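All values reported here derive from a predicted model rather than from experimental measurement. We use all heavy atoms of the structure for the numbers below, so side chains are in, but hydrogens, waters and symmetry mates are not.
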Amino acid sequence: MWKKSVGYFLGMVSSIAITTPVIAAERIEFNYPPFGDFDIATADLEVFVNEGKISKNFAFYANRANPEQLKLARDFLRTKFPLSPTLVSQFTYSPIGEKMLQRFGELIQTQNRQNGFYALRSALILSAASPEGLSLVNILKNYSSPSIRLNFSETVKTMGQLSELLQKRDVVIAKIQQIANQEATNSQSIDFNQRPNIRKSGGFNTTKITLNLHDRSRDGQSRTVLERKYDVDVYLPQSQSATSTPYPVIVISHGLADNRNGFVYLAQHLASHGFVVAALDHPVANSKQFQQFLAGIASPPRPTELIDRPLDVKYLLDELQRLSETDSRFKDKLNLQQVGVIGHSLGGYTALALAGGTFDFAKIRQECNPNRSLNISTFLQCRALDLKPDNYSVKDDRIKAIMVMNPLGSVVFGQTGMSTIPVPVMMVAGSQDIFTPAVPEQIRPFTNLPNKDKYLAVIENGTHFSAQSDLPNGENVIPVPQGLLGPERKNVHTYMNALGVAFFQTYLSDRQEYKSYLTPAYAQFISQSPLNLSLVGSGNGEAISQLLSQVYQTP
């Protein structure tokens with residue numbers, strides 16, 4: 001048990017180094033019942049981190065961990081973070097940053113057993129402001145307590161819960177892969193080599209038109225942080241025929257700190273297959289505004305952004321309707337009664353809300369008072385606590401199908417709010433997504449969707465950023481380590497192109513011949529290791545519900 005607990009301890013220190021890389025001042029002190037008090041000199045730990053040497057005193061602990069645990073701990077603890085002091089300050093003073101530091105401060109306390117919130121924040125900012133930058137050594141020098149008192153029992157409990165969650169996640173992912181593979185084996189064989197290759201561009205040439213929108217109806221409202229001015233790139237298919245029917249419309253909603261360029265590859269691909277695609281910049285929490293926030297010249301996103309984002313899309317659709325009647329470039333080209341929405345991360349939440357997802361304030365209060373979850377996305381979702389409980393219905397009946405990649409919504413919608421979404425849904429999850437984890441944010445919500453036309457695509461080794469492309473011209477405002485980006489993402493982009501075409505041709509264009517692509521067999525056909533793709537449909541919903549009940553022992 002002691003060896004296992006020390007392994008958890010080293011893993012905990014490593015995990016903290018990733019998110020808030022603080023380990024101690026002069027010593028790390030902790031109490032391990034029933035054996036009493038222990039401590040580790042940070043000088044010994046520093047030698048281990050910098051030189052890989054295990055001192056005599058540190059050997060007492062190191063000998064109780066296996067070599068793989070030690071290597072992992074050292075690799076994490078050596079990580080340096082190229083973050084500016086302004087960026088660190090802005091985040092740690094933001095509502096979400098403060099909540100996260102309060103949570104870490106329960107585990108990493110000051111010498112007198114007080115929450116380490118203030119010491120953590122000051123150490124992070126001062127370290128980032130030093131000439132050497134944000135590093136382990138500088139954080140040790142700047143930690144404002146002679147030692148750190150580690151809440152060891154709570155830490156071991158938390159790390160044990162995390163380890164258990166990860167193990168259960170892996171069981172669930174493996175079982176879903178097994179279900180998909182079995183269904184692919186049992187299905188009628190289709191030679192997809194003889195079918196049109198929907199991974200390739202379609203037959204339409206396209207043109208891009210940029211619109212500058214201004215929703216004046218929301219200007220000056222106390223709940224609005226900024227004027228709702230935003231740009232939209234519209235990718236318009238060019239018909240070869242003198243007469244053509246209007247094209248279905250697809251809106252792309254980006255995630256936090258992203259912008260309308262994050263899914264250009266998908267917008268261009270869908271337009272080439274006969275869809276009008278409108279990719280918008282939400283005016284708050286996009287890459288530009290987030291950069292201003294991190295630079296100290298803009299406020300952080302407010303809870304009302306959970307309402308304003310869907311309203312941005314509704315206003316865009318209204319404007320497209322107006323332009324289809326008044327602008328020759330759009331006249332008779334837009335079918336605004338057959339609309340799809342694609343959303344990533346917070347954009348996925350946006351799509352779910354527009355499709356009919358409703359807030360479950362009882363669930364929000366239950367999960368957020370206090371927030372004890374190990375799911376990082378709940379820190380963002382719990383901002384809904386600051387909204388006045390109301391019927392924030394932003395459902396738009398023009399929307400007939402949605403495709404959501406790494407969405408969040410387990411807290412704001414819950415089972416009740418997810419069960420009110422009537423349209424077909426393509427849900428995409430990455431097994432290694434640590435920001436919107438697959439089981440609570442995609443797999444369990446998939447089972448709660450009521451429509452029989454629902455699909456769950458699971459990408460093995462996929463991360464939160466696998467479906468997203470790099471922003472051009474240095475527009476990425478948050479440096480994401482390669483380990484969080486995951487393996488080569490072009491394969492995932494290919495998956496999204498193919499699944500997007502098949503899904504929207506089926507449910508927006510009513511071309512049922514594309515439904516054969518929405519099968520485990522086709523997913524298996526295009527799957528490429530190590531980002532293996534599995535696809536299951538509504539017919540497997542009950543089996544997955546039972547699987548979750550068994551693994552998590554829930555009724």
Side-chain angles (χ1 to χ4, degrees), residues 4-5 7-12 14-15 18-19 65-69 71-73 75-76 156-185 345 373-378 405-408 410 427-448 455-467 481-489 491-492 495 520 523-524 527-537 540-554:
K4 184 176 182 181
S5 296
Y8 279 147
F9 166 68
L10 289 170
M12 182 281 305
S14 303
S15 298
I18 297 175
T19 51
N66 62 48
E68 292 178 62
Q69 290 173 323
K71 182 180 183 304
L72 183 63
D75 288 344
F76 284 156
V156 169
K157 177 182 175 182
T158 300
M159 293 307 297
Q161 291 172 341
L162 178 60
S163 176
E164 184 179 13
L165 284 175
L166 295 177
Q167 291 173 6
K168 289 181 176 179
R169 175 205 65 187
D170 292 343
V171 170
V172 170
I173 296 293
K175 183 61 177 178
I176 290 174
Q177 290 175 319
Q178 181 181 337
I179 292 172
N181 290 337
Q182 187 62 51
E183 187 171 333
T185 301
S345 190
S373 175
L374 298 177
N375 175 350
I376 294 176
S377 78
T378 60
M405 298 171 280
N406 312 94
L408 53 92
S410 63
M427 187 85 74
V428 181
S431 71
Q432 300 301 316
D433 186 345
I434 64 172
F435 296 101
T436 55
V439 173
E441 298 302 331
Q442 293 98 48
I443 296 174
R444 192 179 296 279
F446 165 79
T447 67
N448 296 326
Y455 303 88
L456 173 66
V458 177
I459 303 170
E460 184 181 13
N461 297 314
T463 73
H464 191 71
F465 305 98
S466 293
Q482 183 60 43
L484 294 182
L485 290 176
E488 174 57 54
R489 290 178 287 164
N491 288 339
V492 177
Y495 302 160
Q524 190 178 81
S527 181
Q528 296 287 326
S529 180
L531 293 160
N532 296 305
L533 174 66
S534 300
L535 182 69
V536 294
N540 303 116
E542 184 59 34
I544 294 175
S545 293
Q546 292 177 5
L547 167 65
L548 294 175
S549 296
Q550 293 168 2
V551 173
Y552 294 93
Q553 297 182 343
T554 56

Looking at [atom1] of [X] and [atom2] of [Y], how far apart are the two atoms once the value is rounded to the nearest 0.5 Å?
X      : Y      : atom1 : atom2 : answer
Tyr495 : Gln528 : OH    : CD    : 6.0 Å
Asn375 : Ile434 : CG    : CD1   : 11.0 Å
Asn532 : Ile459 : CG    : CD1   : 10.5 Å
Gln178 : Ile176 : CD    : CD1   : 11.0 Å
Ile544 : Ile443 : CD1   : CD1   : 7.5 Å
Ile173 : Lys168 : CD1   : NZ    : 15.0 Å

Pairing residues for [X] by the side-chain hydrogen bond (donor to acceptor under 3.5 Å, both in side chains) criterion, not counting sequence neighbours:
X      : value
Asn461 : none
Ser534 : none
Arg489 : Asp470
Gln442 : none

What do the steps show when you test Gln177 against Val458 for side chain to side chain contact (heavy atoms under 4.5 Å, CB included), and what is the final call?
CA-CA 8 Å; Gln177 290 175 319; Val458 177; 5.7 Å; no
Could you go through Thr463 and Ser466, starting from their C-alpha distance and side-chain angles, then the distance that decides it, and tell me whether this counts as side chain to side chain contact (heavy atoms under 4.5 Å, CB included)?
CA-CA 5 Å; Thr463 73; Ser466 293; 3.4 Å; yes
Is there side-chain contact between Pro437 and Glu441, with at least one heavy-atom pair below 4.5 Å?
yes
Salt bridge (charged side-chain N to carboxylate O under 4.0 Å, His left out) involving Lys175 - partner list, sequence neighbours excluded
none
Of all the heavy-atom pairs spanning [X] and [Y], show the shortest one and how long it is.
X      : Y      : value
Thr447 : Gly541 : CG2-O, 4.0 Å
Phe446 : Val536 : CZ-O, 4.4 Å
Ala438 : Gly430 : CB-O, 3.7 Å

Side-chain donor-acceptor pair present, Asn540, Glu183, cut-off under 3.5 Å
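Note: Asn540 and Glu183 side chains meet the donor-acceptor criterion.
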Contact list for residues 428-437, test side-chain hydrogen bond (donor to acceptor under 3.5 Å, both in side chains), sequence neighbours left out
Asn406-Asp433, Asp433-Thr436, Asp433-His464, Thr436-His464
